[in-house]
Amino acid sequence: MKGKLPLILGVIIILVGLVASGALFVVDQRQQAIVLQFGNPVRTILEPGLNVKVPFIQNVVYYEKRVLNYDPPVENLILADQKPLEVDSYVRYRITDPLQFYKAVTNESALATTLGPIVSSSTRSVLGNVNLTAVLSEERTQIMTDIRARVNAQSGRFGIEVVDVRLRRADLPDATSQAVYARMQSEREREAAEFRAQGFEQAQRIRASAEREATVIRAEAKREADITRGVGDARKTEILASAYGQDEDFFRFFRTMEAYRQSVNDTNSFLVLDPKKFEFFDFLGSSDNPAADKSAGQ
């Protein structure tokens with residue numbers, strides 16, 4: 001009997017260990033748990049620590065306390081301005097009621113199947129009332145807030161709280177992008193042509209104004225030149241008249257010499273005159289003109 005005692009104690013210890021391992025369980029600070037008995041939930045554990053359950057009869061299901069991620073598929077939808085858009089979003093949620101979560105969807109995979117249509121309908125409902133400019137502007141933040149509110153309103157029955165919905169990417173389809181690019185290019189070209197036309201018009205206006213001012217300046221200069229020339233001619237006439245009055249013979253001789261010079265200005269020109277008929281020769285060797293004889297003698 002004494003030889004069998006250690007064996008019996010060993011068996012007892014093993015059985016106690018098995019019972020203890022089946023009865024004790026630990027809930028991590030990042031987790032929450034539900035104790036099930038024959039598949040029915042009997043207790044919810046929200047705080048971390050060591051807990052006890054009935055071995056072999058009860059089992060434990062663990063759920064995350066941390067924020068979880070759900071990536072819905074890319075959505076193709078139409079905006080309020082009839083622009084097609086490809087939207088890639090993601091959802092951040094937290095399990096707030098593990099018991100309700102277990103009753104509604106049991107696990108995260110089943111939740112993804114149920115949550116997908118909710119996110120899709122909420123996204124379509126909100127984006128269907130806005131245009132492309134709003135999606136690409138600061139209004140995008142409010143759009144995401146509205147989508148989150150709609151998803152929360154429908155997903156609360158699953159025992160979760162949606163903490164964030166983000167539009168990771170919102171792009172036009174390739175064909176639409178090319179059409180939009182072509183339209184933007186034509187708009188820029190139209191604006192450039194309009195600017196060039198306005199510049200040409202302004203240049204023509206400036207050029208016409210400058211030509212008008214130049215014409216006025218030239219007319220003023222010509223008028224002043226004519227006045228100055230007239231004053232000069234009058235002064236010239238006055239001086240000539242005064243000189244003529246002082247010595248008529250010499251003045252006549254000077255004018256005759258000027259006429260000679262102007263008449264035979266080109267060295268290749270020839271002037272044939274009859275000395276008996278033209279007074280050009282009156283001063284050249286004529287004894288009848290004392291002024292010419294005096295000049296010839298000098």
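Atoms considered below: every heavy atom in the structure, side chains included; atoms not considered: hydrogens, waters and symmetry mates.
The distance from atom CD1 of Ile45 to atom CD1 of Ile34, rounded to the nearest 0.5 Å, is 9.5 Å. Rounded to the nearest 0.5 angstrom, Phe158 CZ and Leu115 CG are separated by 7.0 Å. Note that CG of Leu132 is 12.5 Å distant from CD of Gln82, once rounded to the nearest 0.5 Å. Of the inter-residue distances, the one linking Glu187 atom CD with Met184 atom CE reads 9.5 Å to the nearest 0.5 angstrom. Here OG1 of Thr96 is found 6.5 Å from CD of Glu161. Values are rounded to the nearest 0.5 Å. From Thr133, atom OG1 reaches atom CZ of Arg140 across 13.0 Å, with rounding to the nearest 0.5 Å.
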Check: residues 210-221 side-chain donor-acceptor pairs under 3.5 Å, at least two apart:
unit_1 : atom_1 : unit_2 : atom_2 : d
Thr215 : OG1    : Glu211 : O      : 2.8
Glu220 : OE1    : Arg223 : NH2    : 3.0

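The side-chain heavy atoms of Tyr102 and Thr44, taken from C-beta on, include no pair separated by under 4.5 Å. Between Arg205 and Gln202 the shortest side-chain heavy-atom distance falls below 4.5 Å. Residues Leu36 and Val42 form no side-chain contact, since every pair of their non-hydrogen atoms from C-beta on lies 4.5 Å or further apart. Residues Val87 and Leu167 form a side-chain contact, since some pair of their non-hydrogen atoms from C-beta on lies under 4.5 Å apart. Counting only heavy atoms from C-beta outward, the side chains of Ile143 and Val130 approach each other to under 4.5 Å. For the pair Val126/Arg150, a side-chain contact is recorded, criterion being any heavy-atom separation below 4.5 Å from C-beta on. Residues Leu111 and Phe101 meet the side-chain proximity criterion, which asks for heavy atoms closer than 4.5 Å. Side-chain contact between Val91 and Asn69 is absent, with no heavy atoms from C-beta onward closer than 4.5 Å.
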For this session: Evaluate the criterion side-chain contact (heavy atoms from CB on, under 4.5 Å) for residue pair Leu127 and Val135; output intermediate values, then yes/no.
Result: CA-CA 8 Å; Leu127 292 181; Val135 176; 4.1 Å; yes
For this session: Before giving the answer on side-chain contact (heavy atoms from CB on, under 4.5 Å), spell out for Asn131 and Leu79 the whole-Å C-alpha distance, their side-chain angles and the decisive distance to 0.1 Å.
Result: CA-CA 6 Å; Asn131 53 34; Leu79 301 178; 5.6 Å; no
Problem set entry | CA sep, side-chain torsions, deciding dist, call: Ile95, Gln32, side-chain contact (heavy atoms from CB on, under 4.5 Å) | CA-CA 9 Å; Ile95 299 174; Gln32 48 194 338; 3.7 Å; yes
Exercise. Ser89 and Arg166: side-chain hydrogen bond (donor to acceptor under 3.5 Å, both in side chains), yes or no, with the steps?
Worked result: CA-CA 5 Å; Ser89 61; Arg166 293 285 174 177; over 6 Å; no
For this session: Determine, stepwise, if the pair Gln198 / Phe200 fulfils side-chain contact (heavy atoms from CB on, under 4.5 Å).
Result: CA-CA 5 Å; Gln198 292 177 356; Phe200 180 77; over 6 Å; no
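Without hydrogens or angle criteria, Asn51 side chain to Gly49 main chain gives a donor-acceptor distance under 3.5 Å. The main-chain N or O of Val231 is never found under 3.5 Å from a side-chain atom of Lys236 such that the two would form a donor-acceptor pair. A distance-only check finds a donor-acceptor pair linking the side chain of Ser137 to the backbone of Ala134 [under 3.5 Å]. Using a distance-only test at 3.5 Å, with no hydrogens or angles considered, a donor-acceptor pair links the side chain of Asn129 to the main chain of Ser125. At distances below 3.5 Å, not a single donor-acceptor pair connects side-chain atoms of Ser122 with backbone N or O atoms of Val119. Counting only distance, with no hydrogens or angles, the side chain of Lys53 and the backbone of Gln58 share a donor-acceptor pair below 3.5 Å. Ser120 places no side-chain N or O within donor-acceptor distance of the main-chain N or O of Gly116, the cut-off being under 3.5 Å. Here the side chain of Arg124 pairs a donor or acceptor atom with the backbone of Asn76 at under 3.5 angstrom. Judged purely by atom type and a 3.5 angstrom limit, Asp97 uses its side chain to pair as donor or acceptor with the backbone of Gln100. Side chain of Asp171 to main chain of Glu86: no donor-acceptor pair is present (N/O by atom type, distance under 3.5 Å, no hydrogens or angles).
Here salt bridge (charged side-chain N to carboxylate O under 4.0 Å, His left out) pairs that include residues 102-112, with residues two or more places apart or in two chains, number zero.
Annotation for Arg148 and Val163: closest pair NH1-O, 3.2 Å, computed over non-hydrogen atoms. Looking at every heavy atom in both residues, Pro72 comes nearest to Asp88 through O-OD1, 4.3 Å. Of all the heavy atoms in Thr113 and Pro117, the pair that sits closest is O-CD, 3.2 Å. Nearest heavy-atom pair, Val162 versus Ser155, reported as atom, atom and distance to 0.1 Å: CG2-OG, 3.6 Å. Taking every heavy atom of both residues into account, Met144 and Val165 meet most closely at CB-O, 3.4 Å.
Partners of Asp226 by side-chain hydrogen bond (donor to acceptor under 3.5 Å, both in side chains), not counting sequence neighbours, listed by chain and number: Lys222, Arg229.
Remark: Asp28 does not engage Lys65 in a salt bridge, criterion side-chain N to carboxylate O under 4.0 Å.
Both Val52 and Val26 are members of a single hydrophobic cluster when ILVMFWY side chains are connected at heavy-atom separations under 4.5 Å. In this structure, Phe38 is not a member of the same hydrophobic cluster as Phe25, with clusters built from ILVMFWY side-chain heavy atoms closer than 4.5 Å.
Here Tyr93 and Tyr70 keep their ring centres 6.0 angstrom or further from each other.
Side-chain polar atoms of Gln185 and Arg188 form no donor-acceptor pair below 3.5 angstrom. Side-chain N/O atoms of Glu75 and Thr123 include no donor and acceptor closer than 3.5 Å.
Glu138 CD: 12 or fewer foreign heavy atoms inside a 6.0 Å radius.
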